[in-house]
J.: 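Let me begin by handing over the structure; questions about it come next.
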Amino acid sequence: METDSETDSSDGDAVGNGDAAGDRGAEPVTFGREGIREGLITCVPVAVGVGGYGVAFGVLADQVGLSVAEAALMSAVVVAGASQIVAVELWADPIPIAAIVITTFAINLRYSLMGAALQPWFKRLSAAKAYGSLFFMADENWALTMRDFRAGNRRGAFLLGSGIAVWTFWVGSTVVGVLAGGAIGEPARYGFDFVLAAVFLALAAELWEGRSSLVPWLASLGTALVAAELFPGRWYILLGGFAAALAEVIRRGR
């Protein structure tokens, strides 16, 4: 693995960023230990909050009869809190496979938009580094990575390092939630259900760019509220994301 003073060996060219992230010149995107370390350290406080949400998922998984190993495996390979919680909420005997697949697919489609936002930087990394990092992408560390890139840093491994922090706390807290499920009871009693909302609010504040942020944010909010009333399931998440993306494209295209 290269150090951060070296350019990724798959392509030494600089990333041209005449896009939403802004044009920052011909600086290379690097992928090394420093990026992993900075991502890990930066994300630990956020990952602690994710851990609270993981406990809530573990409790719910215990209530539907998942074992510690089953719940931990689900968290380790899916790494998507909202879809995992929806999946266990839909859990029944027999398992409604089609309903779970369709609902979680709708929820997780937002990751296609998030991945596209990283493309100006990740297109210069090798497939192994880019897609290996994307496996660990969650809402929280994606937001931190975008903030890091927009600040002018070119640490391509930041997403991987921050993702490792999220993954570790997510899986570990899932185990805690399953083991303590009987003692905890209903997670809402302790505010675990609000932890993720609080984390998102903190991240939104970090991504605030002034009044210009209002246009996509309000477009997303309005679309999500309408979609939640008109369509079943969690399609409002995807539709709200598309509305924000469209509003941003229109605004910057003027």
Side-chain angles (χ1 to χ4, degrees), residues 36-91 100 103-104 107-108 110-111 114 133-148 158-208 220-221 224 228 234 236-237 240-241:
I36 294 175
R37 182 175 62 251
E38 288 300 318
L40 183 67
I41 294 173
T42 302
C43 194
V44 165
V46 173
V48 172
V50 171
Y53 195 55
V55 171
F57 166 71
V59 172
L60 294 175
D62 175 67
Q63 291 175 353
V64 300
L66 293 182
S67 67
V68 172
E70 290 169 336
L73 179 62
M74 186 178 185
S75 286
V77 300
V78 179
V79 203
S83 61
Q84 287 181 229
I85 285 182
V86 169
V88 297
E89 287 177 343
L90 294 173
W91 211 266
I100 290 177
T103 303
T104 56
I107 294 173
N108 288 340
R110 73 188 187 280
Y111 286 118
M114 293 160 60
S133 299
L134 288 173
F135 172 80
F136 292 96
M137 184 178 73
D139 301 86
E140 297 81 11
N141 68 313
W142 171 83
L144 292 176
T145 300
M146 289 299 297
R147 184 189 67 176
D148 192 65
F158 189 95
L159 181 70
L160 176 60
S162 57
I164 290 173
V166 169
W167 186 90
T168 301
F169 276 86
W170 176 246
V171 177
S173 60
T174 294
V175 173
V176 172
V178 176
L179 293 176
I184 293 177
E186 176 55 49
R189 291 170 51 196
Y190 305 95
F192 288 134
D193 57 329
F194 182 70
V195 170
L196 194 62
V199 170
F200 280 137
L201 287 173
L203 293 174
E206 289 287 346
L207 292 174
W208 175 256
S220 178
L221 175 61
R234 306 301 176 98
Y236 64 88
I237 298 175

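All values derive from a computational prediction rather than experimental measurement.
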J.: How close do Q84 and S75 get, heavy atom to heavy atom, and via which atoms?
T.: NE2-OG, 3.1 Å
J.: Please give me the minimum heavy-atom distance between L159 and S133, naming the atom from each residue.
T.: CD2-O, 3.8 Å
J.: Are Q63 and L60 close enough, and set up right, to give a side chain to side chain contact (heavy atoms under 4.5 Å, CB included), and what steps lead you there?
T.: CA-CA 5 Å; Q63 291 175 353; L60 294 175; 3.6 Å; yes
J.: Can you list the steps and then say if F135 with L160 is a side chain to side chain contact (heavy atoms under 4.5 Å, CB included)?
T.: CA-CA 9 Å; F135 172 80; L160 176 60; over 6 Å; no
J.: Of all residues at least two apart in sequence or in a different chain, which pass the side-chain contact (heavy atoms from CB on, under 4.5 Å) check with S83?
T.: V78, A80, T104, I107, N108
J.: State, to 0.1 Å, how close L40 and A165 come at their nearest heavy-atom pair, and which atoms those are.
T.: CD1-CB, 3.6 Å
J.: Can you see which heavy atom on V178 is nearest to which on G58, and at what distance?
T.: CG2-O, 3.4 Å
J.: Mind checking side-chain hydrogen bond (donor to acceptor under 3.5 Å, both in side chains) for S173 and listing every partner two or more places apart, or none if nothing turns up?
T.: none
J.: Indicate the atoms forming the closest heavy-atom contact of M74 with A87, along with that distance.
T.: CE-CB, 3.8 Å
J.: Find the distance between CD1 (I85) and OH (Y53) and round it off to the nearest 0.5 Å.
T.: 3.5 Å
J.: How about F57 and W170: are their ring centroids closer than 6.0 Å?
T.: yes
J.: Of all heavy-atom pairs between N141 and F136, which one has the smallest distance, and what is that distance?
T.: ND2-O, 3.3 Å
J.: Yes or no on side chain to side chain contact (heavy atoms under 4.5 Å, CB included) for D139 and M114, after CA distance, side-chain angles and deciding distance?
T.: CA-CA 8 Å; D139 301 86; M114 293 160 60; 3.9 Å; yes
J.: Could you check whether any side-chain heavy atom of T145 comes within less than 4.5 Å of a side-chain heavy atom of S162, counting everything from C-beta outward?
T.: yes
J.: Once side-chain contact (heavy atoms from CB on, under 4.5 Å) is applied, do any residues pair with V64, and if so which ones, sequence neighbours excluded?
T.: L66, V88, W91
J.: Determine, stepwise, if the pair F158 / L144 fulfils side chain to side chain contact (heavy atoms under 4.5 Å, CB included).
T.: CA-CA 9 Å; F158 189 95; L144 292 176; 4.1 Å; yes
